[in-house]
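So that the names make sense, note that chain A is the first sequence line, chain B the second, and so on, each numbered from 1.
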There are 2 protein chains.
Amino acid sequence: MRPPKVEDQALLDGLMAVLRAKGYEGSSLNELAGSSGLQKASLYHRFPGGKKEITLAVLHYVHEWIRKYIYERLTDQSLSPAERLGDVIQSIHSLYQGGEKSCILKALSMDSSVELFREEIKESMQRWIDGFTALGVDYGFTRDAAQEKAFQVLIAIQGSLIVSKGLGSTAPFVAAVEAIEKMYREV
Amino acid sequence: MRPPKVEDQALLDGLMAVLRAKGYEGSSLNELAGSSGLQKASLYHRFPGGKKEITLAVLHYVHEWIRKYIYERLTDQSLSPAERLGDVIQSIHSLYQGGEKSCILKALSMDSSVELFREEIKESMQRWIDGFTALGVDYGFTRDAAQEKAFQVLIAIQGSLIVSKGLGSTAPFVAAVEAIEKMYREV
DNA sequence: GTCTATAGGAAGATAGAC
DNA sequence: GTCTATCTTCCTATAGAC
């Protein structure tokens, strides 16, 4: 087996960058290949199913990222709820580069692509919500109240990213993240 | 002048439906034409600039809609703030079909398309925020507090639409709209 | 103003050499 | 495992008849 020119992780990072920025329809295989320095045909060697399989691989990668850096940290019983929240807020900041980058779950939620990736998008969002629900419970909220807050967190992140993009300023995202911290800490 | 087969309003409604569902890159001219029963070449007759001009026309149409059904109603001094809010909540429900339909401002906010329509998206979002800021002021909030609430409204709508789409349920959108009403009425 | 037909190019996908 | 070259299909856009 000849060693790959580009490692899996670097490859997936590049592919994700294109998909989150341009969406499924907007991402061409040339761009996807170019993002990691490979040629189109080499991408097909790694992902025989073409663009759909590439996108599924990226979604799986994202799902693992959320499990590791959102869900597991939010449910880590060896830390206080406040410490966990602080950690995860940092992860979120780096994931979206302080509001500069889009969310791939949003980028793939056009009618034409959500159809192809419904289950994967749903699972990632659900994992995110489950993590924050657990955090809310550990903060002392009832399960219902904690879940409601968890939805508000996901909605605030997604919404503020769109508004930031639309207005050309990261301020809405930054303010939304601060509001999330306040929402838990003020109680 | 031969009368048009499809009136401007019906044409724009069809074009908007495609663009909001599939985004800029995802909408082909065949689909755009088909949405109103015209042929591709007829679309070029009405919009010589092609897809870009079509999208600009739809964005202008959307901007006028927001001015008329969001901004003007929110600033209509002949009604009480509560009446205005109720009216506009209804408009929002119908615009997004209770959470089933996407927002075209979101659909066009991929990196590849926001580049082309930056100003138009920004103006529409700003008009929306200005309307809700005025409402908040008339509810008795300071200008700063009113503007913060206005941002929260736009963020909650955009975010809940994405989460609704991702989870395959309109519940998040419906809950978000109810929370918006509560946010103003509870004070 | 609308249509059919088509040019010209970019897209997704494959073949086969190295 | 990666590459160049190529196939086919779809796309944007235009020409010209009605």
Side-chain angles (χ1 to χ4, degrees), chain A residues 1-59 61 107-108 110-117, chain B residues 1-59 61 107-108 110-117:
Chain A
M1 300 263 266
R2 182 171 160 188
K5 177 178 168 187
V6 177
E7 296 300 326
D8 276 8
Q9 166 124 7
L11 181 53
L12 287 169
D13 281 336
L15 297 171
M16 179 174 67
V18 176
L19 281 169
R20 81 183 336 189
K22 312 222 172 174
Y24 186 71
E25 328 280 345
S27 300
S28 76
L29 284 169
N30 273 318
E31 286 171 307
L32 288 167
S35 74
S36 58
L38 286 184
Q39 291 302 318
K40 247 190 309 186
S42 308
L43 264 192
Y44 274 98
H45 176 77
R46 298 221 192 169
F47 306 99
K51 197 155 81 157
K52 185 172 175 187
E53 186 177 340
I54 289 170
T55 307
L56 283 170
V58 169
L59 278 170
Y61 178 56
L108 297 176
M110 303 304 305
D111 282 11
S112 23
S113 45
V114 78
E115 203 172 300
L116 298 170
F117 310 111
Chain B
M1 300 265 265
R2 179 169 162 189
K5 178 178 168 187
V6 177
E7 296 299 327
D8 276 7
Q9 166 125 8
L11 181 54
L12 287 169
D13 281 337
L15 297 171
M16 179 173 67
V18 176
L19 281 170
R20 78 181 342 187
K22 312 222 171 174
Y24 186 71
E25 327 280 345
S27 300
S28 76
L29 285 169
N30 273 319
E31 285 172 307
L32 288 166
S35 74
S36 58
L38 286 184
Q39 292 301 318
K40 249 191 305 187
S42 308
L43 264 192
Y44 275 98
H45 177 76
R46 297 219 193 171
F47 306 99
K51 199 154 81 158
K52 184 172 176 187
E53 186 178 339
I54 289 170
T55 307
L56 283 170
V58 169
L59 277 171
Y61 178 56
L108 297 176
M110 303 305 303
D111 282 12
S112 25
S113 45
V114 77
E115 202 172 300
L116 298 170
F117 310 112

- Query: Could you give the OH-to-P distance, from A/Y24 to C/dG12, as a whole number of Å?
  - Reply: 9 Å

- Rounded distance in Å - CG (B/L29) to C1' (C/dT6): 16 Å

- B/R46 bridged to B/D8 by N-O distance under 4.0 Å: yes

- Which of these nucleotides, D/dA15, C/dT2, C/dG12, is closest to any side-chain atom of B/L38? C/dT2

- Query: Which is it for A/L59 and A/L19 under the side-chain contact (heavy atoms from CB on, under 4.5 Å) test, yes or no, and what are the steps along the way?
  - Reply: CA-CA 10 Å; A/L59 278 170; A/L19 281 169; over 6 Å; no

- Item | Residue mapping more 5' on DNA chain C - nearest nucleotide basis, A/K40 or B/V6 | B/V6

- Item | Under-4.0 Å side-chain N/O to phosphate OP1/OP2 contact, B/K51 with D/dC11 | no

- Query: B/E53 has an atom CD; how far is it from atom P of D/dA13, in whole Å?
  - Reply: 11 Å

- Nearest to side-chain heavy atoms of A/Q39, which nucleotide of D/dG1, C/dT2, D/dC3: D/dC3

- Task: Answer whether the closest heavy-atom distance between the side chains of B/Y24 and B/K51 falls below 4.5 Å.
- Result: yes

- Message: Can you see if the side chain of A/H45 gets near the phosphate of D/dT2 - specifically, an N or O under 4.0 Å from OP1 or OP2?
- Response: no

- Task: Round to the nearest Å and state the distance from B/L43 atom CG to D/dC11 atom C1'.
- Result: 14 Å

- Task: Tell me what A/S42 touches on the nucleic acid: a base, only sugar-phosphate, or nothing, going by heavy atoms under 4.0 Å.
- Result: base

- Could you check B/S36, B/P4, B/S42 and say which one makes a side-chain contact (heavy atoms from CB on, under 4.5 Å) with B/L11? B/S36

- Send over the distance from B/E25 CD to D/dC11 C1', rounded to a whole Å. 12 Å

- Rounded interatomic separation in angstrom, taking NZ from A/K22 and C1' from C/dG12: 17 Å

- Task: May I ask you to verify if any side-chain N or O of A/Y44 is less than 4.0 angstrom from the OP1 or OP2 atom of C/dT14?
- Result: no

- For the residue pair B/Y44 and B/L29, establish whether any side-chain heavy-atom pair is separated by less than 4.5 Å. yes

- Query: Can you find a side chain N or O atom of A/R2 that sits less than 4.0 Å from OP1 or OP2 on C/dC18?
  - Reply: no

